[in-house]
Amino acid sequence: MLVLTVIVLTIMESATSSENGAARRIAASIGRSLTTPVVVGCTLGITLNAAHAPVPPVVLSFAEFLCAAASPVALLALGLHIGGSPIRWRGTLDENTLIAVKCVAFPVLMLTAMHLAGVAEPWRQYLVLIAAMPAPQNLFIFAQTYDSDTDLAASVVIRSTLCSLALLPAWQLLLA
């Protein structure tokens, strides 16, 4: 999560950066991506865990509260966006392809990879079901942050959620 988030945010930051010169733009983009709350939180958690640092109960309780609030806040932002502009099924190749890749191709790819790697049950089942989960709300949050087709991102999150509701039981039966 930490590495992929930095890579994706660096790419998105460099595309919107106003810095002159490729090296400056990339350096500034890396700097901005390393200071986002997701990356800072992951880095801090990994560092404290690796150092076996005791975390005071009040700090741990507050961190748990923040973690519990993250998804509802993202869903609220998504709902507010949808409330302002009704989501319609565009039926575009981009939208349909993204949904098909997320709901069908990822789980098939994961199942194939886990079979070839010899991963035993129940781990194979867990990983395939995780791959079959809908597109995360982060997709919408990043699209909104970088002003990059929020309508498409909102639509993909919602539609992949609906498709996953239908397909997750099928994946479960297939893997059982």
Side-chain angles (χ1 to χ4, degrees), residues 1-81 98 101-103 105-107 109-150 152-154 156-157 160-161 164 168 171:
M1 166 89 179
L2 180 61
V3 174
L4 289 176
T5 300
V6 170
I7 290 170
V8 168
L9 289 178
T10 298
I11 292 168
M12 294 178 81
E13 284 282 346
S14 66
T16 60
S17 178
S18 61
E19 296 285 332
N20 292 330
R24 276 190 186 169
R25 188 171 57 242
I26 291 171
S29 300
I30 291 171
R32 283 191 299 272
S33 69
L34 288 173
T35 58
T36 60
V38 171
V39 174
V40 170
C42 285
T43 304
L44 184 61
I46 290 169
T47 303
L48 289 174
N49 192 3
H52 301 289
V55 180
V58 67
V59 172
L60 191 58
S61 175
F62 183 67
E64 289 172 350
F65 169 76
L66 290 177
C67 290
S71 283
V73 169
L75 290 172
L76 178 65
L78 183 61
L80 289 173
H81 177 79
L98 289 170
V101 165
K102 182 60 185 123
C103 295
F106 278 178
L109 181 63
M110 183 61 72
L111 182 60
T112 304
M114 295 303 100
H115 179 71
L116 292 174
V119 175
E121 295 297 342
W123 292 104
R124 183 185 321 175
Q125 183 177 4
Y126 298 157
L127 294 170
V128 171
L129 290 175
I130 289 170
M133 298 299 270
Q137 298 107 345
N138 286 354
L139 173 67
F140 173 75
I141 298 301
F142 290 156
Q144 194 174 43
T145 300
Y146 294 100
D147 195 25
S148 176
D149 204 349
T150 53
L152 176 63
V156 167
V157 169
S160 68
T161 299
S164 291
L168 278 170
W171 284 113

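- Considering only residues two or more places apart in sequence or on other chains, Thr112 meets the side-chain contact (heavy atoms from CB on, under 4.5 Å) condition with Val108, Leu116.
- What you find for Leu48 and Val55 is that their closest heavy atoms are CD1-CG2, 4.5 Å.
- The stretch residues 38-57 participates, sequence neighbours left out, in no salt bridge (charged side-chain N to carboxylate O under 4.0 Å, His left out) pair at all.
- The salt bridge (charged side-chain N to carboxylate O under 4.0 Å, His left out) search around Glu64 returns none, not counting sequence neighbours.
- In terms of heavy atoms, Cys103 sits closest to Ser160 at SG-O, 3.6 Å.
- Contacts classified as ring pair (Phe, Tyr, Trp, His ring centres under 6.0 Å) and involving residues 37-59 (residues at least two apart or in different chains) are not found.
- Partners of Leu98 according to the side-chain contact (heavy atoms from CB on, under 4.5 Å) rule, which considers only residues two or more places apart in sequence or in another chain, are Leu152, Val156.
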Which donor-acceptor pairs under 3.5 Å do side chains of residues 120-134 form with protein atoms, sequence neighbours excluded?
residue, atom, partner, partner atom, Å
Glu121, OE1, Gln125, N, 3.3
Arg124, NE, Val119, O, 3.1
Arg124, NH2, Val119, O, 3.0
Gln125, NE2, Gln172, OE1, 3.2

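- For the residue pair Trp171 and Pro107, the shortest heavy atom distance occurs at CZ2-CB, 3.3 Å.
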